[in-house]
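Computed from a prediction, not measured in an experiment: that's the story for all the values here.
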Amino acid sequence: MTSLRRAASVDDYRELARRRLPKIFFEYIDGGSYAEVTLKRNVDDLANLALRQRTLGRRYRMPVGLSPVGMAGMYGRRGEVQAARAAASEGVPFCLSTMGICGVEEVARAGVPPWFQLYILKDRGYMRELLRRAKAAGSPVLMLTVDLPVPGARYRDVRSGFRGLTGLRAFLNQAQDGLTHPRWLWDVWVNGRPHSLGSVTAALQSGGAGDFLSWIANNFDRSITWADLDWVRAAWDGPLVIKGVLDREDACDAVKAGAQGLVVSNHGGRQLDGVRSSISALPPIADAVGNDLELYLDSGVRSGLDVLKACALGAKACFVGRAWAYALGAGGQPAVARMLETLRAELEVAMVLTGCRSIRDAGRDLLDHQ
């Protein structure tokens, strides 16, 4: 049985998190939508890309960031703060979810101000207030997520009782789940309060994290258009990165909307099941807009090898979500930092053995197309 000291890969952190966390929270981060075809496709398509083993390389700066993960504070005590500190210690960016347990001000006070992730909300006045708070907290980049106008149908959340149960049944399910995971209960439930969604607490009827799914359903704007992107561009004067694009025409429209960056992503397979993997969508988007903005990849990245493959296909960097959530659930800030060190070591080995001297030199010639 793997211990935290012997965790060697993201899969190891996943297993440790599975054992430590209540089922409702593990299944929430681990699962995808519907039959989870796209979730599996994200991982498999990256694994099926072969690298060309050639000559020596050298060290470089790691092109990895931490994606926004909702309710991360339920995986470790004040989890978003721990993850932000780990990212800062490894010199990589951390993006805070709108749905984070810790608010943007709390994370900013803990160290380096985070990138801030936002959705299109019906209440534009409240969106403007969130943007003001992010700017006041020093957030250097806004990551606007466009692929979640409604939550995906995630069967695992129904089976675990995370969705669908109300009142006493919900309370008893959560109580049993928590009591059977005593380390988590003491670390997070007892000592990690408050369990509100820090950045949007004032808008939640109950103020609790359990209310966030109904808040999404009632407040996220289902009719997103490029005119909404124009509104955001006018309300935010800093760098704008759009997350959740899989289509090259949408990527071209993102350039026209004034975005400085684009995250090719299918939300980790948690939204529309059956769509293509993020890595398979990357090359045509890179061909269309790769010189007009910075391209990033999200969804399915589990190793430093995956990072190099994505960079070879046109990404400037990768954002990882589940990987750091697993590590946080397994062992908090030290485990997140160690997971990032593992990605860095794996990437350095991959670069050496493919003859890639700098990540800027990574191109499609690194891949074995035979």
- Message: Would Met127 and Val232 count as a side chain to side chain contact (heavy atoms under 4.5 Å, CB included) here? Give the steps.
- Response: CA-CA 9 Å; Met127 277 187 71; Val232 172; 4.0 Å; yes
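- Contact of the Arg85 side chain with the Phe94 side chain is not registered, since no non-hydrogen atoms from C-beta on lie closer than 4.5 Å.
- Contact record, Leu305 with Ala350: CG-CB, 4.2 Å, taken as the closest heavy-atom pair.
- Looking only at distances, no side-chain donor or acceptor of Glu294 sits under 3.5 Å from a matching main-chain atom of Gly261.
- At most 12 heavy atoms of other shown residues, nucleotides or ligands fall within 6.0 angstrom of atom CH2 in Trp186.
- Looking only at side-chain heavy atoms (C-beta outward), Thr98 and Gln117 come within less than 4.5 Å of each other.
- For the pair Arg41 and Val275, the minimum side-chain heavy-atom distance is 4.5 Å or more.
- If you chain together hydrophobic residues whose side chains sit under 4.5 Å apart, Ile120 and Leu262 fall into the same group.
- Without hydrogens or angle criteria, Arg338 side chain to Arg5 main chain gives a donor-acceptor distance under 3.5 Å.
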- Trace of the side chain to side chain contact (heavy atoms under 4.5 Å, CB included) decision for Gln176 with Leu179: CA-CA 5 Å; Gln176 180 182 17; Leu179 289 171; 6.0 Å; no
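- Residues Trp226 and Val289 share a single hydrophobic cluster, defined by chaining ILVMFWY side chains whose heavy atoms lie under 4.5 Å apart.
- Environment of CZ in Arg193: crowded, with over 12 heavy atoms of neighbouring residues, nucleotides or ligands closer than 6.0 Å.
- Remark: Glu90 engages Arg344 in a salt bridge, criterion side-chain N to carboxylate O under 4.0 Å.
- Contact record, Ser265 with Lys243: OG-NZ, 3.9 Å, taken as the closest heavy-atom pair.
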- Item | Criterion side chain to side chain contact (heavy atoms under 4.5 Å, CB included) on Leu4 and Tyr13, from CA distance to verdict | CA-CA 8 Å; Leu4 187 58; Tyr13 289 113; 4.0 Å; yes
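- Scanning all heavy atoms of the two residues, the minimum distance from Asp228 to Ile224 falls at OD2-CA, 3.4 Å.
- The backbone N or O of Gly32 sits less than 3.5 Å from a side-chain atom of Glu36, completing a donor-acceptor pair.
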- Query: Yes or no on side chain to side chain contact (heavy atoms under 4.5 Å, CB included) for Leu246 and Asp250, after CA distance, side-chain angles and deciding distance?
  - Reply: CA-CA 8 Å; Leu246 288 177; Asp250 283 344; over 6 Å; no
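- Taking every heavy atom of both residues into account, Met143 and Pro68 meet most closely at SD-CD, 3.9 Å.
- The existence of a salt bridge linking Asp187 and Arg77 is confirmed by a sub-4.0 Å separation between a basic side-chain nitrogen and an acidic carboxylate oxygen.
- In this structure, the side chains of Arg156 and Phe162 stay at 4.5 Å or more apart for every pair of heavy atoms.
- The aromatic rings of Tyr296 and Trp115 lie perpendicular to each other, with more than 60° between the two planes, well past the 30° mark.
- With values rounded to the nearest 0.5 angstrom, Leu131 atom CG is found 7.5 Å from Phe116 atom CZ.
- The CG atom of Asn42 lies 12.0 Å from the NE2 atom of His267; values are rounded to the nearest 0.5 Å.
- Here the CG-CZ distance, from Asp298 to Arg322, works out to 9.0 Å after rounding to the nearest 0.5 Å.
- A distance-only check finds a donor-acceptor pair linking the side chain of Lys122 to the backbone of Asn218 [under 3.5 Å].
- Grouping the Ile, Leu, Val, Met, Phe, Trp and Tyr side chains by contacts below 4.5 angstrom, directly or via other members, places Leu229 apart from Val241.
- By the 4.5 Å heavy-atom criterion applied to side chains, Val301 and Leu343 are not counted as neighbours.
- Note that CZ of Arg183 is 8.0 Å distant from CZ of Arg19, once rounded to the nearest 0.5 Å.
- Taking the charged nitrogens against the carboxylate oxygens, Asp237 and Lys135 do have a contact shorter than 4.0 Å, which makes a salt bridge.
- Salt bridge absent: Arg18 and Asp30 never bring a charged side-chain N and a carboxylate O closer than 4.0 Å.
- Here the side chains of Ser33 and Leu272 are not in contact, with every heavy-atom distance at 4.5 Å or above.
- Remark: Leu297 CG to Ser67 OG distance equals 9.0 Å, nearest 0.5 Å.
- With respect to the salt-bridge test (charged N to carboxylate O, under 4.0 angstrom), the residues Glu129 and Arg132 qualify.
- Residues Ile29 and Ile24 are members of one and the same hydrophobic cluster, defined by side-chain heavy-atom contacts under 4.5 angstrom among Ile, Leu, Val, Met, Phe, Trp and Tyr.
- At a threshold of 4.5 Å between non-hydrogen side-chain atoms, the residues Leu66 and Val320 count as touching.
- A salt bridge links Lys40 and Asp44; the closest N-O separation between the charged side-chain nitrogens and carboxylate oxygens is under 4.0 Å.
- Remark: side-chain polar atoms of Gln271 are not paired, donor with acceptor, to backbone N or O of Asn266 under 3.5 angstrom.
- For the pair Arg270 and Tyr28, the cation sits on the ring face: its NZ or CZ lies under 6.0 Å from the ring centre, inside 45° of the axis.
- Under the 4.5 Å side-chain criterion, counting only non-hydrogen atoms from C-beta, Pro63 is in contact with Val307.
- The main-chain N or O of Leu21 is never found under 3.5 Å from a side-chain atom of Tyr75 such that the two would form a donor-acceptor pair.
- The CD1 atom of Ile359 sits 5.0 Å away from the CE atom of Met351 when rounded to the nearest 0.5 Å.
- Of the possible polar contacts, none joining the Arg14 side chain to the Tyr326 backbone as a donor-acceptor pair under 3.5 Å is found.
- More than 12 non-hydrogen atoms from other residues, nucleotides or ligands lie less than 6.0 angstrom from OH of Tyr126.
- At most 12 non-hydrogen atoms from other residues, nucleotides or ligands lie less than 6.0 angstrom from OH of Tyr34.
- Asn173 contributes no side-chain N or O that, together with a main-chain N or O of Ala170, makes up a donor-acceptor pair within less than 3.5 Å.
- For Asn191, the CG atom is densely surrounded, since the number of other residues' heavy atoms within 6.0 Å is greater than 12.
- A donor-acceptor pair under 3.5 Å links the side-chain atoms of His195 to the main chain of Val188, judged by distance alone.
- One finds no salt bridge joining Arg248 and Asp287 here, because no Lys/Arg side-chain nitrogen approaches an Asp/Glu carboxylate oxygen to under 4.0 Å.
- The closest donor-acceptor contact from the side chain of Ser199 to the backbone of Gly103 lies at 3.5 Å or more, if one exists at all.
- When all heavy atoms of Val107 and Ala84 are compared, the pair lying nearest together is CG1-CB, 3.7 Å.
- What you find for Ala86 and Gln333 is that their closest heavy atoms are CB-O, 3.7 Å.
- At a threshold of 4.5 Å between side-chain heavy atoms, the hydrophobic network of Ile, Leu, Val, Met, Phe, Trp and Tyr places Val69 and Leu39 in two separate groups.
- No cation-pi contact links Arg233 to Trp231, judged by a cut-off of 6.0 Å to the six-membered ring centre and 45° from its axis.
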